[in-house]
There are 2 protein chains.
Amino acid sequence: MARASTTSDAFNAIAEPRRRQILSYLVVQERQVGEIVAAIGIDQPSVSKHLGVLHKVGLVHMRRNGRHRLYRTNAAAIQPLHEWTGTFERYWKHQLNRVKERAEAQMSREGANNAGTFPKENL
Amino acid sequence: MARASTTSDAFNAIAEPRRRQILSYLVVQERQVGEIVAAIGIDQPSVSKHLGVLHKVGLVHMRRNGRHRLYRTNAAAIQPLHEWTGTFERYWKHQLNRVKERAEAQMSREGANNAGTFPKENL
DNA sequence: TTGACATATTCCCATATAAGAATGTATTGT
DNA sequence: ACAATACATTCTTATATGGGAATATGTCAA
């Protein structure tokens with residue numbers, strides 16, 4: 001099997017850095033394609049293609065207005081990704097705690113009789 | 001240009017569902033490859049390849065122990081993803097608020113003089 | 001109608017999968 | 001040394017990019 005399509009889900013869609021840029025840009029307010037092209041600095045067909053991917057997985061909404069198309073980020077579609085990554089939060093906090101505890105233990109050991117151990121360049 | 005490599009960053013690496021499964025499994029505790037194979041239910045070479053991708057982008061740590069290799073999720077490497085998705089949180093909350101406000105306005109309008117509007121099937 | 005403008009779509013191509021099969025490598029027990 | 005165990009790597013193949021160039025589609029304005 002080949003790699004899953006970029007349009008298969010939000011995880012695949014946001015793997016592309018340009019699409020993340022577009023999402024960040026469009027979350028503040030609705031924009032037409034030309035504005036995105038100017039803001040992101042890539043050519044119009046590429047922007048349209050990225051918007052197509054984002055739209056297909058529901059990460060952006062689109063409405064027509066005359067000859068313009070107005071896109072905006074559908075933030076709600078990002079929430080599941082936030083929740084998935086959030087399931088790891090307690091574990092990275094554990095890691096931080098362990099690092100902090102080691103550091104504090106080290107500090108007190110040094111404070112006892114190792115003052116002045118660091119070379120000046122590190123201060 | 002082709003699609004970016006799965007090993008180019010964490011966003012690309014987690015796009016694959018099996019790799020997300022593996023990360024969830026390995027975050028609880030260190031495991032050897034054979035355990036992952038049994039738990040996830042895919043063949044050993046595939047697991048090894050997925051582990052290779054995850055390891056290359058720093059999403060898992062590995063240590064050797066005799067003929068075993070013990071892998072565990074490096075939760076800290078997931079934090080940046082959580083933070084990126086978190087930048088959209090205020091926006092999806094806004095959306096929710098708007099939905100809620102509309103619903104509440106609707107309720108009070110109905111409560112005033114439209115009681116009994118819903119068909120029984122919806123209650 | 002005829003342009004002009006805003007976007008989308010198609011075609012081409014170099015590149016990168018992911019799964020399956022087969023094989024290679026390292027380590028342990030005897 | 002040798003067989004068994006635990007993993008990793010290589011090869012093949014069907015499939016899917018993403019960028020660039022060219023072209024098509026849809027809408028407004030005169």
Side-chain angles (χ1 to χ4, degrees), chain A residues 1-23 25-26 29-73, chain B residues 1-23 25-26 29-73:
Chain A
M1 205 189 299
R3 195 167 171 184
S5 167
T6 56
T7 57
S8 53
D9 59 39
F11 282 101
N12 279 281
I14 67 159
E16 170 65 40
R18 262 62 187 278
R19 285 196 284 267
R20 291 199 299 278
Q21 253 187 288
I22 291 174
L23 286 173
Y25 180 62
L26 291 181
Q29 68 172 91
E30 199 177 44
R31 299 283 190 179
Q32 55 191 61
V33 178
E35 294 178 295
I36 307 173
V37 170
I40 307 293
I42 59 183
D43 56 291
Q44 177 267 313
S46 290
V47 169
S48 280
K49 281 181 268 186
H50 284 313
L51 288 171
V53 172
L54 293 172
H55 190 250
K56 189 159 185 183
V57 301
L59 281 165
V60 298
H61 285 145
M62 184 268 285
R63 73 185 175 91
R64 281 166 234 261
N65 185 10
R67 50 182 140 180
H68 297 156
R69 294 192 181 200
L70 298 169
Y71 287 89
R72 72 184 162 81
T73 297
Chain B
M1 203 190 298
R3 196 168 172 185
S5 167
T6 56
T7 56
S8 54
D9 59 39
F11 282 101
N12 279 281
I14 67 158
E16 169 65 38
R18 262 63 187 276
R19 285 196 284 268
R20 292 200 297 279
Q21 256 189 285
I22 292 173
L23 287 173
Y25 180 62
L26 292 180
Q29 69 172 89
E30 198 176 47
R31 298 284 189 179
Q32 54 192 61
V33 179
E35 293 178 296
I36 307 173
V37 170
I40 308 294
I42 58 183
D43 55 292
Q44 177 267 313
S46 290
V47 169
S48 280
K49 280 181 269 188
H50 284 311
L51 287 171
V53 171
L54 293 172
H55 190 251
K56 189 159 183 182
V57 300
L59 281 165
V60 298
H61 284 145
M62 184 269 285
R63 76 186 174 88
R64 279 167 236 260
N65 186 10
R67 50 183 139 179
H68 298 280
R69 296 193 179 199
L70 298 168
Y71 287 89
R72 69 184 164 82
T73 295

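Residue numbers start from 1 in every chain, and the chains themselves are labelled A, B, ... in the order their sequence lines are given, proteins ahead of strands. All values below come from the heavy atoms of this structure, side chains included, with hydrogens, waters and symmetry mates left out. Bear in mind that the values here come from a model prediction, so they are computed numbers and not experimental data.
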request  = For B/Arg20 and B/Ile14, work out which heavy atoms get closest and say how close.
outcome  = NH1-O, 2.7 Å
note = Separation of D/dT5 atom P from B/Gln32 atom CD, nearest Å, is 14 Å
task = Measure across A/Thr73 and A/Ile22 and return the closest heavy-atom pair with its distance rounded to 0.1 Å.
result = OG1-O, 4.3 Å
key: Stretch residues 1-21 of chain A: residues that reach within less than 4.0 Å of DNA chain C through a heavy atom   = A/Met1, A/Ala2, A/Arg3
ask   = Below 4.5 Å, heavy atoms only, C-beta onward: do B/His50 and B/Ile42 meet side chain to side chain?
value = yes
query = Going by heavy atoms in the side chains, are A/Glu16 and A/Leu54 under 4.5 Å from each other?
reply = no
key: Within-4.5 Å side-chain heavy-atom neighbours: A/Val53 and A/Arg19   = yes
query = Separation of B/Glu35 atom CD from D/dC7 atom C1', in whole Å?
reply = 14 Å
task = For DNA chain D, find the residues of residues 52-63 of chain B with a heavy-atom distance under 4.0 Å and give them by number; none if there aren't any.
result = none
remark   = Between B/Gly34 and A/Asp43, the residue closer to the 5' end of DNA chain D by nearest nucleotide is B/Gly34
key: Residues in ring-ring contact (aromatic ring centres under 6.0 Å, His included) contact with A/Phe11, at least two apart in sequence or another chain   = A/Trp84
task = First locate atom CZ of B/Arg72, then atom CZ of B/Arg63, and finally report the distance between them rounded to the nearest 0.5 Å.
result = 8.5 Å
Shortest non-hydrogen separation from B/Tyr25 to B/Ile36 and the atoms involved = CE2-CA, 3.9 Å
ask   = When rounded to the nearest 0.5 angstrom, what is the spacing between CD in A/Glu30 and NE2 in A/His68?
value = 12.5 Å
Leading and trailing nucleotides of DNA chain C with any atom under 4.0 Å from heavy atoms of chain A = C/dA4 to C/dA19
request  = Would you mind reading off the distance between A/Lys49 atom NZ and D/dA21 atom P, rounded to a whole angstrom?
outcome  = 11 Å
note = Per-nucleotide protein contact along nucleotides 23-30 of chain D, 5' to 3', at a 4.0 Å heavy-atom cut-off (B base, S sugar-phosphate only, - neither), is ----BSS-
query = Taking all atoms of both residues into account, what is the closest heavy-atom pair of B/Arg69 and B/Arg64, and its distance?
reply = NH2-NH1, 2.8 Å
key: Nucleotide D/dG20, atom C1' - distance to CD1 of A/Ile42 in whole Å   = 12 Å
request  = Please report the closest heavy-atom contact between A/Ala13 and A/Leu59, naming both atoms and the distance.
outcome  = CB-CD1, 3.9 Å
inquiry  = I'd like to know whether A/Asn12 forms a side chain to side chain contact (heavy atoms under 4.5 Å, CB included) with B/Arg3, so could you lay out the CA-CA distance, the side-chain angles of the two residues, the decisive distance to 0.1 Å, and finally the verdict.
reply    = CA-CA 11 Å; A/Asn12 279 281; B/Arg3 196 168 172 185; 3.0 Å; yes
query = How bent is the helix from C/dT1-D/dA30 to C/dT30-D/dA1, comparing axes over its five end pairs at each side, to the nearest 10°?
reply = 10°
task = Heavy atoms only: give me the nearest B/Val57-B/Thr7 pair and the separation to one decimal.
result = CG1-O, 3.3 Å
